[in-house]
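Okay, so here's the structure we're looking at.
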Amino acid sequence: MSRFSPLDASAPATLYHDGHCPFCRVEVNWLSRHQHQDRIRLVDIQSDAFNATHDRGEFDAMMGLLHVKDSQGNWYIGMEASRALYAVLGYRRLVWLSCLPGLKGALNWGYRWFARRRVRLGQWWEKRSNGSS
């Protein structure tokens, strides 16, 4: 797999997201209003209708890292999923830049750091947001 493989992602791509995550909900809200929303399909893995074993594998794995599946059946996981999603939406130059040596490693590290802490950070963020209303 080349360092630029997310640029090969083809639409429509399916984004598997955690509907209970406050950060995910903000992103999904933005994606649902995006001018190219027809290029993506949004699947809430917290939905009762979702079956992880049918769609990918283990629910816990999907909760731990973002997953995107493109129209060719290619899976992108973690920061690669974000890159593939944004490539499909038309942000190819930004994705290309994010694949450059050094920057790619830093972004991958930042994503893993955030992914491990997103639940706790999300709870803190919601509490803070609700308290300042």
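The shown structure was predicted, so the numbers you read here are calculated from the model rather than taken from an experiment. Nothing fancy with the numbering, it's 1 onward along the sequence.
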Open item on the list: The criterion is side-chain hydrogen bond (donor to acceptor under 3.5 Å, both in side chains); which residues satisfy it with S98, sequence neighbours excluded?
Closed with: R83
Task: Where A87 and R92 come nearest, the two heavy atoms and their spacing - done: O-CG, 3.7 Å
TODO: Before giving the answer on side-chain contact (heavy atoms from CB on, under 4.5 Å), spell out for L100 and F4 the whole-Å C-alpha distance, their side-chain angles and the decisive distance to 0.1 Å.
DONE: CA-CA 9 Å; L100 294 177; F4 296 103; 4.3 Å; yes
Task: Nearest-0.5 Å distance that lies between atom CG in L85 and atom NE2 in H67 - done: 14.0 Å
TODO: Return the set of residues passing salt bridge (Lys or Arg N to Asp or Glu O under 4.0 Å) with R39 (not counting sequence neighbours), or none when no residue passes.
DONE: none
Open item on the list: Holding to ring pair (Phe, Tyr, Trp, His ring centres under 6.0 Å), I want the full list of residues that pass it with F23, two or more places apart in sequence or in another chain.
Closed with: F114, W125
- [ ] Mind listing the closest non-hydrogen atom pair of L89 and W30 along with its distance?
- [x] CD1-CZ3, 4.5 Å
- [ ] Determine the minimum heavy-atom distance between M79 and Y111, stating which atoms define it.
- [x] N-CD2, 3.7 Å
TODO: Find the distance between CZ (R116) and CG (L121) and round it off to the nearest 0.5 Å.
DONE: 11.5 Å
Open item on the list: Any non-hydrogen side-chain atom of R41 less than 4.5 Å from a side-chain atom of P12?
Closed with: no
Task: Spacing of CG belonging to L94 relative to SG belonging to C99, to within rounding of 0.5 Å - done: 9.5 Å
TODO: To the nearest 0.5 Å, tell me how far L97 CG sits from L107 CG.
DONE: 10.0 Å
Open item on the list: Under the rule for side-chain contact (heavy atoms from CB on, under 4.5 Å), what residues qualify as partners of A9, not counting sequence neighbours?
Closed with: D70, Y76, A84, V88
Open item on the list: Please enumerate all residues that pass side-chain contact (heavy atoms from CB on, under 4.5 Å) together with Q35, with sequence neighbours excluded.
Closed with: none
Open item on the list: If you compare all heavy atoms of P6 against all heavy atoms of V95, which two are closest, and at what distance to 0.1 Å?
Closed with: CB-CG1, 4.4 Å
Task: Spacing of CG belonging to D44 relative to SG belonging to C24, to within rounding of 0.5 Å - done: 9.0 Å
- [ ] Quick one: list whatever passes side-chain hydrogen bond (donor to acceptor under 3.5 Å, both in side chains) with R117, sequence neighbours left out.
- [x] none
TODO: Please name all residues satisfying side-chain contact (heavy atoms from CB on, under 4.5 Å) with L42, sequence neighbours left out, ordered by chain then number.
DONE: L15, H17, V28, L31, S32, I40
- [ ] Apply side-chain hydrogen bond (donor to acceptor under 3.5 Å, both in side chains) to D18 and list each qualifying residue two or more places apart in sequence or on a separate chain.
- [x] Q46, R118
Open item on the list: Could you work out, with ring pair (Phe, Tyr, Trp, His ring centres under 6.0 Å) as the rule, every residue matching W124, not counting sequence neighbours?
Closed with: none
- [ ] Could you list all the salt bridge (charged side-chain N to carboxylate O under 4.0 Å, His left out) pairs where at least one residue sits in residues 26-35, not counting sequence neighbours?
- [x] none
- [ ] Please name all residues satisfying ring pair (Phe, Tyr, Trp, His ring centres under 6.0 Å) with Y91, sequence neighbours left out, ordered by chain then number.
- [x] H34, Y86
Open item on the list: The criterion is salt bridge (Lys or Arg N to Asp or Glu O under 4.0 Å); which residues satisfy it with R25, sequence neighbours excluded?
Closed with: E126
